[in-house]
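Source: prediction; values computed, not measured.
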Amino acid sequence: MKVICNGADLADAVGKVYKAASARTTNVILEGIKLKAAEGSLTFTATDLELAIEKSITADVLVEGETVVPGKVFSEFVKKLTFDRIELSLTDANQLKIKYTESEGTFQCMNPAEYPQIKELSEAQSFTIIKRDFRDLVNKIAFSVSADDARPMLKGVLLEVGDVSVTGVALDGYRLAKCVKPIEKTTAMMSAVVPARCLTEVAKLIEDNDDPVEIRIQRNYMLIDLDHTRITTRLLDGDYINYKQIIPGSFESSVTIPRAQFESGLERAILLARSDKNNLVVFDVKEGIMQLSSNSDIGNITEKIPVKLNGVDITIAFNARYFTELLRYIDCDNIVIKFINSVSPCVVVPAGSLEEFMYLILPVRMLS
């Protein structure tokens, strides 16, 4: 193998695919990045058997071939190569030689025949969505998945594809996030549970624009093809929780509140709440005021925010972290919080618009 390529292209491609390389494995080959030179391009591949990222760059291929380089050190090395012309060649001693200006480096390589094959989705169903919409859907809900290995299905995001929209759902037993986005077209109605880690990496790679992207689903795999970058992920196998049964159908009170003021008040209140493992903040709503209060051995904080209350007064407590996390991803001016009572979950939606997204949060029982 012998190729000549641009240093910036090389660093960009390696940096993107390395995110899929396995950091902790007994199979050393999975720590590597596969290089394949053929037909005027150099393709890089990394996988941990759950997520695979492939990216191709234009290259002057003098000799075709393939090899596997140590992922971590190789990615750190090429990150520092900013030269226009980089020459990569495989020696008879199975070392990758990298020449740049008058300097060079070598890396001991592994056998590409031992590298796992990336799944090809030749019979997949697919749907098409605007890149910005899909990226926004993932960002709005993926943070709400469970971190508990005992409930593996809850470490994934449910995608439900209908005729005109896709619904994304994530929950961890204490909160639920749901977001609906329009789609351009679909070949079938379908659903899949995608590991949140994989979707988060996809969101980082998708550009924030109005171009369409096709997402393919076939049995236990999902593929997203972004021109010169292909992302393949295994899907989680099993039944997802019937989330529709969890969402309340009616409420006793609703509060409209300025998002920015609510967020800044919560951030101050949670400073003391962090000393309590539940991050407990009490919400006391009455007479057009929401009072946020937190107490600990070192002091107490009370924040008062003007709100529009529709319904009965309510006093309820929450792990405030669930609110501060969701508020990072809400870009509307005002939100509506809907309550039933002090022991039932509340629902958060944007004010004055269709409910493109919603969050459900369980309260913390207060000692009487």
Side-chain angles (χ1 to χ4, degrees), residues 1 3 5 10-39 41-57 59 61 63-78 88 90 93-96 107-126 149 152-153 155-157 192-206 214-238:
M1 183 181 84
V3 300
C5 64
L10 173 66
D12 178 66
V14 172
K16 286 178 176 174
V17 303
Y18 180 63
K19 295 175 182 178
S22 182
R24 303 173 187 171
T25 179
T26 56
N27 187 354
V28 179
I29 198 82
L30 295 179
E31 297 177 2
I33 296 174
K34 182 180 177 182
L35 282 64
K36 182 177 181 179
E39 300 176 351
S41 68
L42 181 59
T43 301
F44 303 86
T45 304
T47 183
D48 61 1
L49 300 182
E50 180 181 75
L51 173 69
I53 302 176
E54 303 167 88
K55 183 169 179 60
S56 298
I57 62 173
V61 179
V63 179
E64 295 188 349
E66 58 184 15
T67 190
V68 178
V69 295
K72 188 174 189 296
V73 65
F74 184 70
S75 65
E76 290 177 349
F77 180 74
V78 300
L88 307 173
L90 191 63
N94 197 31
Q95 291 181 327
L96 184 71
F107 293 88
Q108 187 63 47
C109 298
M110 294 172 275
N111 184 358
E114 297 176 4
Y115 203 79
Q117 292 291 317
I118 306 303
K119 178 73 175 179
E120 292 291 334
L121 276 60
S122 57
E123 301 174 357
Q125 301 287 356
S126 67
D149 290 333
M153 288 300 289
K155 297 182 77 172
V157 170
V193 182
V194 190
R197 167 185 165 258
C198 300
L199 271 185
T200 301
E201 291 301 336
V202 168
K204 292 176 183 176
L205 294 172
I206 289 181
E214 183 183 67
I215 299 174
R216 294 179 230 166
I217 296 174
Q218 178 180 317
R219 298 186 186 91
N220 297 323
Y221 291 89
M222 184 176 83
L223 168 67
I224 301 178
D225 196 339
L226 304 171
D227 298 325
H228 299 294
T229 304
R230 286 163 52 98
I231 309 152
T232 307
T233 175
R234 280 184 178 271
L235 302 177
L236 297 177
D237 188 20

[atom1]-[atom2] distance between [X] and [Y], expressed to the nearest 0.5 angstrom:
| X | Y | atom1 | atom2 | value |
| --- | --- | --- | --- | --- |
| Ile224 | Ile231 | CD1 | CD1 | 5.5 Å |
| Leu205 | Ile53 | CG | CD1 | 5.0 Å |
| Thr233 | Asp48 | OG1 | CG | 8.5 Å |
| Lys34 | Tyr115 | NZ | OH | 8.0 Å |
| Leu10 | Asp12 | CG | CG | 9.5 Å |
| Thr67 | Met110 | OG1 | CE | 8.0 Å |

Looking only at heavy atoms, which two atoms of [X] and [Y] are closest? And how far apart?
| X | Y | result |
| --- | --- | --- |
| Ser126 | Glu214 | OG-OE2, 3.4 Å |
| Glu66 | Leu90 | O-CD2, 4.0 Å |
| Glu64 | Ala38 | OE2-CA, 3.7 Å |
| Gln218 | Ala124 | OE1-N, 3.2 Å |
| Met153 | Asp237 | SD-O, 3.7 Å |
| Cys5 | Leu88 | SG-CD1, 4.4 Å |

Any side-chain heavy-atom pair of [X] and [Y] under 4.5 Å:
| X | Y | answer |
| --- | --- | --- |
| Ile206 | Leu226 | yes |
| Ile215 | Met222 | yes |
| Leu35 | Val3 | no |
| Pro116 | Leu49 | yes |

Discussion item. With a sphere of 6.0 Å drawn around CD of Gln117, does it hold more than 12 non-hydrogen atoms of other residues, nucleotides or ligands?
Written reply: no

Item to complete: Could you check Leu96 against Met1 for side-chain contact (heavy atoms from CB on, under 4.5 Å), going step by step and ending with a plain yes or no?
Response: CA-CA 9 Å; Leu96 184 71; Met1 183 181 84; 3.6 Å; yes

Practice prompt. Show your working on side-chain contact (heavy atoms from CB on, under 4.5 Å) between Tyr221 and Arg234 and close with a plain yes or no.
Written response: CA-CA 5 Å; Tyr221 291 89; Arg234 280 184 178 271; 3.2 Å; yes

Is [Y] paired with [X] through a side-chain N to carboxylate O contact shorter than 4.0 Å?
| X | Y | result |
| --- | --- | --- |
| Lys72 | Glu31 | no |
| Arg230 | Glu120 | yes |
| Glu201 | Arg197 | no |

Discussion item. If you apply the rule side-chain contact (heavy atoms from CB on, under 4.5 Å), what do you find for Cys109 with Val68, and how did you get there?
Written reply: CA-CA 6 Å; Cys109 298; Val68 178; 5.9 Å; no

Item to complete: Walk me through it: do Asp225 and Arg216 pass the test side-chain contact (heavy atoms from CB on, under 4.5 Å)?
Response: CA-CA 9 Å; Asp225 196 339; Arg216 294 179 230 166; 3.7 Å; yes

When the side chains of residues 13-23 are checked against the rest of the protein, which donor-acceptor pairs come out under 3.5 Å, sequence neighbours left out?
from  : atom 1 : to    : atom 2 : distance (Å)
Ser22 : OG     : Arg24 : O      : 3.4

